[in-house]
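For reference, the structure discussed in these notes is given below.
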Amino acid sequence: MNSSNTSIQYQNNAFTGLNKAQVEAVETLEGPLLMLAGAGTGKTRALTSRIAHLIATDTAKPNQILAVTFTNKAAREMRERVDSMLNASISGLPWLGTFHAICAKLLRRHAELIAVEETESSKPNIHLKSDFTILDTLDQIRLLRQVLAEKRIDPQLLSAKELLRHIDNWKNRAVLPAAVSESDVAGLPEEVTACYAAYQQRLIELNAVDFGDLLLHMVKIFQTQPRILQKYQHWFRYILVDEYQDTNVVQYMWLRLLAAKHKNICCVGDDDQSIYGWRGARLENILNFEANFPGCHVVRLEQNYRSTPHILAAAAAVIRQNKNRLGKELWTSEEFGEKVRLVAHYDGSEEAYWIAENIAMLHLGASGMPPFALKDIAILVRTTYQMRAFEDAFLQHQLAYRVVGGLRFFERAEIRDAIAYLRLALSATDDLAFERIVNTPKRGIGDVRKQKIEQCARSNHVSLFEGTRIVIETGEIKGKEAKALNSLLQMISKWNELVRENRETSVELTQRILDESGYVQMWKNDLTPEAPGRVENLEELVNSVGEFQFLQDFLDHVSLVIDNDSDREEDKVTIMTLHAAKGLEFPVVFLPGWEEDLFPLQRVAKESGTLGIEEERRLAYVGVTRAEKICTISYADNRLKFGEWEARIPSRFINDLPDANIKVVSDSNAVDYDQDETSWDSQLEVQAASANVYNSPGWRRLASRGGVNDMAPPPKKNKSRMIADDSSQFAVGQRIFHQKFGYGSIFAIDGDKVEVNFEKSGQKKLLASFVYDLDNIPI
DNA sequence: TTGTGGGTCTTTTTT
DNA sequence: AGACCCACAA
């Protein structure tokens, strides 16, 4: 790196809220540095500048900088920005990533230092090997189910899911099985600690780690191996942490250990945006930073460059209600902008409809305002199940959308199966993978034969792979099932060899594995409507393997790095949870479902009381501050819950919004909006929620007294659904649309089913209710 | 062993 | 309303 590289332009970096000394601190200061930065103040930009400056001045080499981000997306963006600031692709920064990704990399180097102690004299010590597999939540649950069954604990009393929650929690706080305290297990069956211990032991036996272990193991190694710790302490000259308010106990320990030598730790965070308390994040980490890292500098970033004054004021009013905060007031030099819009709806689907229509108008550029691209618009929901209503509404309005964080690519069954095959190709002893695919495709191995294999493996202290071999040899399983199993074993051995020889590329290997196993064929033979999509996903999987030289790297990537919004460049409306929206910004934001019990979520209030409500409030703050220009909050009077209609009360957060900064939108007061220069056409408002007495301007007062829902009528059936209820609406030759198969035309009608010739997916016979009538869609 | 139907329970938020 | 689990039949 050329040390005279001065291409970094700080005056462009929007630090005008800082004085010269502060800018210098942000760029170059040695020693602990805390940046307290509000929403939209450019904190990540500040971190980026610091990294670029360190490299440009040759203060540190790229690989001596440890930079931790909260998401992989943030890491990728930071890397891109550093590159562009340095005006070069430095292709360095190997230690930029999430805590988990960085720890996985470190642990691959030192895994063998982690062992389970000898428990039975017959068993040798077992060490973790560097080719360990990283389990995801679904694997963990499977494993915990086994543990619970072994300990004969009634799943009603303690479900695997609940146990996982507790174990996660303990791991986040660095509580090992031996250190679980009385208060940790209060109200739980007493065997729960033994379950935790058994789970940990099983993990090592399986040569596997879970997400929590990645960090926990590294802290353990650092604590017990001074030489290794010193090596990394020495190596990482500068440590930078983004979203510091969301770090947990283990992450804090890990950072402290690594920062102890150079003490160049620079953390950025906003106490008002701490929304991961449920996952072990400790607000104390940021509140006590100055005490934990003596002699630290504190820089405050309070100028907001993102939102209009009304949006900022509304957000501030909401967060001001929290007691537990450092307290800061954001300001902006912007003077104009829309007020925050507030809309009441009759029910959930009407809310989705209204928003879809409103988005369509914004996109078309309903006068006054320039048209917004769809990718500039986001809908932020509290829970994932709220997303469905919007998908429905968007399909019918033919608006392109993308769901972030719903079902993730690698969580789909076919991808998990395929990955199980890849894991076996790397290591035949991967029992979890083996168990997953012994009978996929079907090989006639049901519960009985599975158990035979398992018992055999266990009593011989070998893997399921070996166990299967023994079971065939002894004739415990014979006939065509034995034959099928035998060919599976041979395939796996062959793949193991091919991987070892390393002569085929990762893509060739993957293609071969999926073909030879008969897995792709299985889906090609499948006649269910999802099958073609699954085959497509498998093809996509093969393609993405190509980016990696080794399968192992690919598998790490899948479990640690993959981000679920690959098509972010496409012009689509984003639908995501408030949590997933952290760190992002959009010109137009919709915040639906601001109702008591949903937001704030009932369970949070029940389980965590006031602290929980404060976190929900911070979530509301995060939501509002994502918006640059237009922010629309809404709620529904009635909502379908578990198939039953339920009357709803507006969220308490709505009452915190100052009248001066909001505009209640409905048809009855459609023309009642500001006439400042950025105002837009009343057409928008005319499209507002359907007439209903609760949409009157005074609804908020009513609502705050709880009056609205006492009078709520039974929900009416929704108007003008464009989904066909039966095939009688269709005629042969008609053009239709299907969510999965796209466009097509009907060539036959059979009762409530239609036969369709799809442009892309060929001929299918489906229920008419899944088909959209193209001639009848509004707009 | 696999497919079906009727009964149950369901909804946090994620690296 | 939909996903999931269990009991029973083929």
Side-chain angles (χ1 to χ4, degrees), chain A residues 68-75 97-104 134-138 140 145 155-156 159 161-162 164-165 168-169 171-172 209-216 243 246-248 250-251 274-281 348-349 380-389 392 404-408 410-411 438-450 477 479-481 484 528 556 558-564 576-582 593 597-608 612 615-616 618-620 622-623 639-646 769:
Chain A
V68 189
T69 57
F70 192 74
T71 62
N72 294 297
K73 189 180 174 188
T98 61
F99 279 104
H100 293 90
I102 290 169
C103 282
I134 301 166
L135 300 195
D136 59 23
T137 312
L138 292 156
Q140 291 179 58
R145 283 222 180 98
Q156 296 281 316
S159 69
K161 234 173 153 179
E162 201 183 333
L164 178 59
R165 239 186 71 203
D168 265 353
N169 202 297
K171 289 194 174 183
N172 284 334
V209 300
D210 63 21
F211 268 52
D213 285 341
L214 289 171
L215 283 142
L216 212 45
E243 308 283 11
D246 284 315
T247 51
N248 62 32
V250 198
Q251 289 163 344
S274 166
I275 54 175
Y276 283 92
W278 52 274
R279 210 174 77 183
S349 51
L380 309 181
V381 295
R382 174 66 249 259
T383 60
T384 44
Y385 77 83
Q386 291 170 264
M387 293 177 175
R388 210 169 261 189
D392 274 359
V404 178
L407 50 139
R408 271 172 273 178
F410 63 90
E411 275 172 8
V438 244
N439 203 30
T440 321
K442 303 243 180 303
R443 297 185 177 89
I445 311 300
D447 276 350
V448 177
R449 294 192 178 104
K450 244 187 213 169
I477 293 179
K480 70 175 193 301
E481 287 85 9
T528 55
D556 274 5
V558 163
S559 45
L560 290 170
V561 183
I562 238 171
D563 49 21
N564 32 21
M576 65 171 128
T577 63
L578 287 159
H579 283 88
K582 183 159 88 154
D597 295 356
L598 178 57
F599 191 40
L601 206 60
Q602 185 177 36
R603 245 174 91 171
V604 171
K606 218 193 247 169
E607 284 173 18
S608 330
E615 182 153 310
E616 294 286 296
R618 290 193 290 269
L619 205 46
V622 167
R639 207 172 275 276
L640 207 50
K641 192 180 185 186
F642 302 144
E644 306 248 2
W645 284 101
E646 200 182 67
S769 52

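No hydrogens, no waters, no symmetry mates; every other heavy atom, side chains included, goes into these values. Every chain is numbered from 1 and lettered A, B, ... according to where its sequence line falls, protein lines coming before strand lines.
Among the protein residues, Lys442(A) comes within range of the sugar-phosphate backbone only, with heavy atoms under 4.0 Å from sugar or phosphate atoms but none that close to a base. As judged by a 4.0 angstrom heavy-atom cut-off over every strand, Val604(A) is placed among the base-contacting residues. Within the 4.0 angstrom heavy-atom criterion, no nucleotide atom of any strand lies near Phe99(A). Base engagement by Arg382(A) is indicated by at least one non-hydrogen atom pair under 4.0 Å involving a base atom. Lys606(A) comes within 4.0 angstrom of nothing in the nucleic acid, heavy atoms only.
The side chain of Thr384(A) contributes no N or O atom lying less than 4.0 Å from OP1 or OP2 of dT12(B). The phosphate of dT14(B) has OP1 or OP2 within less than 4.0 Å of a side-chain N or O from Thr577(A).
Atom CG in Asp447(A) sits roughly 10 Å away from atom C1' in dT1(B) (whole-Å rounding). Rounded to an integer number of Å, the gap from Phe70(A) CZ to dT13(B) C1' is 10 Å. Put simply, CD on Glu615(A) is 11 Å from C1' on dT12(B), counting in whole angstrom units. The separation between Leu560(A) atom CG and dT14(B) atom P is 17 Å, rounded to whole Å. Between the C1' atom of dT10(B) and the NZ atom of Lys161(A) lies a distance of 9 Å, rounded to the nearest Å. Per the geometry, NE2 belonging to His579(A) stands 4 Å off C1' belonging to dT13(B), to the nearest Å.
You'll find the ring centres of Phe70(A) and Phe99(A) outside the 6.0 Å limit.
In this structure, Arg165(A) pairs ionically with Glu607(A), as a charged nitrogen and a carboxylate oxygen lie closer than 4.0 Å. Under the 4.0 Å criterion applied to side-chain N and carboxylate O atoms, Glu481(A) and Arg449(A) are assigned as salt-bridge partners.
Inspection of the Gln140(A) and Thr137(A) side chains reveals no N or O donor paired with an N or O acceptor under 3.5 Å.
Heavy atoms only, all atoms of each residue included: Leu380(A) and Gly623(A) are closest at CD1-O, 4.1 Å.
Aromatic stacking of Trp278(A) on dT13(B): satisfied, with centres closer than 5.5 Å and planes within an angle under 30 degrees.
A gap of 23 Å separates the C1' atoms of dC4(C) and dT13(B), to the nearest Å.
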